[in-house]
Amino acid sequence: MTERREYFLRLSVFFSEPNMKHRFLAATALCLPFVALEAAEPDSLVTELREVTVRTRGVRKLKGATNSELITAKELTRAACCNLGESFATNPSVDVNYSDAATGARQIRLLGLSGAYVQMLTENIPNFRGAAMPYGLGYIAGPWMQSISVSKGASSVKNGYESLTGQINIEMKKPQADPSFAANLYYDSMNKLEANLDGNLHLGEKWSGGILFHAENSFTEHDGNEDGFMDQPRVRQVAAMNRWAYLGENYVFQAAVKFLDEERVSGQSKHHTHGGMPLYIIDIDTHRWEAFTKNAYIFDHVNDGNIALIVSGSYHDQDASYGHRIDNIAQTELYGSLMFERKWLDRHSLSVGLNGTYDDYHYHYRLRPDQSLALSSLLNKEGIGGAYGQYTFNLDERLVAMAGLRYDYNSDYGSLFTPRMHLRWNPTGSISAHASAGRGYRSPQPLAEYSYLLASSRTITIAPNLHIEDAWNFGVGGNISLRPFSRKLDFTAEYYYTRFGHQLMVDLDTDPHAATIFTSANRSFSHAFQLEATFEPFDELTLAAAWRLTDIKQDYGFGLTEKPLTSKHKGLISASYAPMMGVWQFDLTCSITGSGRMPRPYELSDGALS
């Protein structure tokens, strides 16, 4: 891995609404990534805020039936994160790996399984599906994010059936927060420059608006091993988001529009020549638009009774060339959700709703370099409509049970039923146990999701009549909090089992010169076991250690075997020191990744990957 030296500058200006007094906060750091003063931003509306100080350290567990944790803005500053894909460096539950180093494609792994089985949400709206999946982790800049919520196992049925191993929801900075302006610049030794701006303004008591801007450019080609190929792609990206909010007494409205333009260039270096032959160049141009609107009418403030309507849409246009291979994708996505929620007697909660999703894919591609210059075309349209109901019983936070069921009709795969259940028991304030079970589905889009494979020399073959993926997920876990010497010590243990009925797989074992994408019904499975401990020896210092064992078995035609290029073990040790009430912050993170199996042709000759 190439060493990076990071230089970070952040300037922030905050205005307090009462009396409109100006407050200025500034912090700079040299060679200390993301050492900055951070302003607390609310996750929900507060009607009156006078003098409140909130301090959160790291990741905190969320109350409720699901096994969820919140990565706060404070935790995000612990890593030199420049985008969403670099925000999980200190989180032991989520891994972010390169699917392909040549294109910079990344994917999340949760419970050891591919990020395709993790439902990505932005402010509880499904996002980064299909064509946006390979590079979507780079589409949200780090300074844009307010928090990240990670839910492991079978999640809520509210947002659809696509969550097989968990959900990750990203909350952006809100326009209804205290008026502020912030700007930062980032530069590293790889000659990469980034600039970020964000600000918001209140227009009266109810209206507010905000804008977010991000730009980055990699100015230099890097070839550290001098093999003639760039070690990582050069990325040029410009993104902007404008959002508005109206917060009335009974009616709440939000709307936003986002635009992204990105170019990725990789392959052979321009300074490399080889007998006058043309250079092998990877060029991926992406244009993406997103828009959403949220409307909620609150008819019962005491019991959280409300009716909400969410409508969102996106257009993703990606033109990619991998030498002589071409893969152009245009995806239009529409989503709508109508929800009703209410509590009764502080113990019973009911949520019912209707969801609908429409996807329109247009492909123009040439998968084999020896084909004619004519491009193949493919149209794929998928419509999904469904209804759900979810009931929650909460006995004074000591016993919380949640059961949900949804029915969907898929235009390609017919009727689908999704049951899910969660149970949490807190016998004391220091002991907690949870269990979950549920089913999930996912429609495969191999031309979009596995486009990065075109950067290799393998021949890509996609089997016809792919089946929808389906799996059951079961999980149990527990947490205990101790106070030795009056200091906080937490232990957490979790185990999850995922059993697939049908799974989309990529066969890299049969032929070293081919990659075959097909659906298997041979009951592949995954076991994930994790231990975690957190200790605060004194107020300013937090120590954490975690270890995870993952066992994934799949059948590529010669019996169940370990999934290739997947590590079985991972260890993480981190220390966070924040003296002077958090004005300064020093972090050290060490991760250890175990070995994994190489595909069979390489394994038979070179042994296992280490």
Side-chain angles (χ1 to χ4, degrees), residues 67 69 88 91-99 107-118 150-155 163-168 433-440 442 469-479 491-510 518-533 545-573 591-604 606-610:
N67 183 24
E69 57 187 34
F88 301 98
N91 190 290
S93 301
V94 182
D95 297 329
V96 178
N97 301 317
Y98 280 100
S99 303
Q107 68 171 346
I108 280 179
R109 290 183 185 270
L110 186 61
L111 309 184
L113 289 171
S114 166
Y117 306 118
V118 181
V150 180
S151 178
K152 289 177 278 189
S155 303
S163 170
L164 279 75
T165 60
Q167 289 178 342
I168 294 180
H434 60 84
S436 65
R439 194 175 191 183
R442 199 184 76 88
E469 295 185 87
D470 63 283
W472 284 91
N473 182 280
F474 305 91
V476 293
N479 174 269
F491 288 101
T492 302
E494 299 171 348
Y495 167 74
Y496 285 92
Y497 172 68
T498 306
R499 183 78 175 190
F500 284 89
H502 296 84
Q503 185 179 17
L504 186 71
M505 297 196 296
V506 181
D507 181 9
L508 303 176
D509 289 274
T510 303
F518 66 100
T519 303
S520 173
N522 290 329
R523 301 289 181 178
S524 56
F525 62 85
S526 167
H527 298 278
F529 178 70
Q530 180 171 307
L531 294 174
E532 185 177 354
W547 173 78
R548 187 178 70 241
L549 170 65
T550 305
D551 181 25
I552 303 175
K553 295 293 177 64
Q554 296 178 333
D555 189 349
Y556 296 93
F558 47 86
L560 285 173
T561 185
E562 294 180 6
K563 183 179 179 180
L565 307 176
T566 302
S567 301
K568 294 190 64 175
H569 303 274
K570 179 181 179 179
L572 181 72
I573 300 175
S591 62
I592 302 173
T593 302
S595 62
R597 182 180 74 85
M598 288 289 286
R600 285 173 64 88
Y602 304 96
E603 185 181 47
L604 295 176
D606 298 329
L609 170 70
S610 58

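All values below were derived from every heavy atom in this structure, side-chain atoms included, with hydrogens, water molecules and symmetry-related copies excluded.
The structure places CD of Gln503 at 9.5 Å from OG1 of Thr519, a figure rounded to the nearest 0.5 Å. Summarising the geometry, atom CD belonging to Glu562 is positioned 6.0 Å from atom NZ belonging to Lys553; distances are rounded to the nearest 0.5 Å. The line from OG of Ser567 to CD1 of Ile592 is 12.0 Å long, rounded to the nearest 0.5 Å. Of the inter-residue distances, the one linking Asp555 atom CG with Phe500 atom CZ reads 14.0 Å to the nearest 0.5 angstrom. Separation of atoms NE2 (His569) and CG (Asp551) is listed at 9.5 Å; rounding is to 0.5 Å. In this structure, the separation between NZ on Lys568 and CD1 on Ile552 is 10.5 Å, given to the nearest 0.5 Å.
Across Thr510, Val506, Asp509, Asp507, a single residue satisfies side chain to side chain contact (heavy atoms under 4.5 Å, CB included) together with Pro599, and that is Asp509.
Put simply, the side chain of Arg548 does not reach to within 4.5 Å of the side chain of Glu532, judged on heavy atoms. Using a 4.5 Å heavy-atom threshold, the side chains of Met598 and Leu565 count as touching.
By the side chain to side chain contact (heavy atoms under 4.5 Å, CB included) test, Arg499 is found to be paired with Tyr497, Arg523, Phe525, residues two or more places apart in sequence or in another chain being considered. Remark: Lys570 pairs with Asp95 by the salt bridge (charged side-chain N to carboxylate O under 4.0 Å, His left out) rule, at least two apart or across chains. Partners of Arg439 under the salt bridge (charged side-chain N to carboxylate O under 4.0 Å, His left out) rule, at least two apart in sequence or in another chain, are Asp470. The side chain to side chain contact (heavy atoms under 4.5 Å, CB included) test applied to Ala528 returns Leu111, not counting sequence neighbours. Thr561 pairs by the side chain to side chain contact (heavy atoms under 4.5 Å, CB included) definition with Tyr556, Phe558, Arg597, not counting sequence neighbours. Taking the ring pair (Phe, Tyr, Trp, His ring centres under 6.0 Å) definition, one finds that Tyr496 meets it with nothing, sequence neighbours left out.
Gly153 and Ser163 make their closest contact through O-OG, 4.2 Å (heavy atoms, listed as atom of the first residue, atom of the second, distance). The two atoms that bring His502 and Ala521 nearest to each other are CD2-CB, 3.6 Å, heavy atoms only. Gly478 and His434 make their closest contact through N-NE2, 4.1 Å (heavy atoms, listed as atom of the first residue, atom of the second, distance). Across all their heavy atoms, Ser114 and Gln107 have their closest contact at OG-OE1, 2.9 Å. For Arg442 against Ala116, the heavy-atom pair with the smallest separation is CD-O, 2.9 Å. Scanning both residues, Ser93 and Leu110, for their nearest heavy atoms gives O-CD1, 3.5 Å.
Put simply, the side chain of Ser526 never gets that close to the backbone of Thr498: no donor and acceptor are under 3.5 Å apart. Side chain of Arg109 to main chain of Asn97: no donor-acceptor pair is present (N/O by atom type, distance under 3.5 Å, no hydrogens or angles). Although no hydrogens or angles enter the test, the distance criterion places a donor-acceptor pair under 3.5 Å between the side chain of Asn479 and the main chain of Phe491. Between the side chain of Glu469 and the backbone N or O of Leu504 there is at least one donor-acceptor pair closer than 3.5 Å.
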### Task
Show your reasoning for whether side chain to side chain contact (heavy atoms under 4.5 Å, CB included) applies to Tyr117 and Asn473.
CA-CA 11 Å; Tyr117 306 118; Asn473 182 280; over 6 Å; no
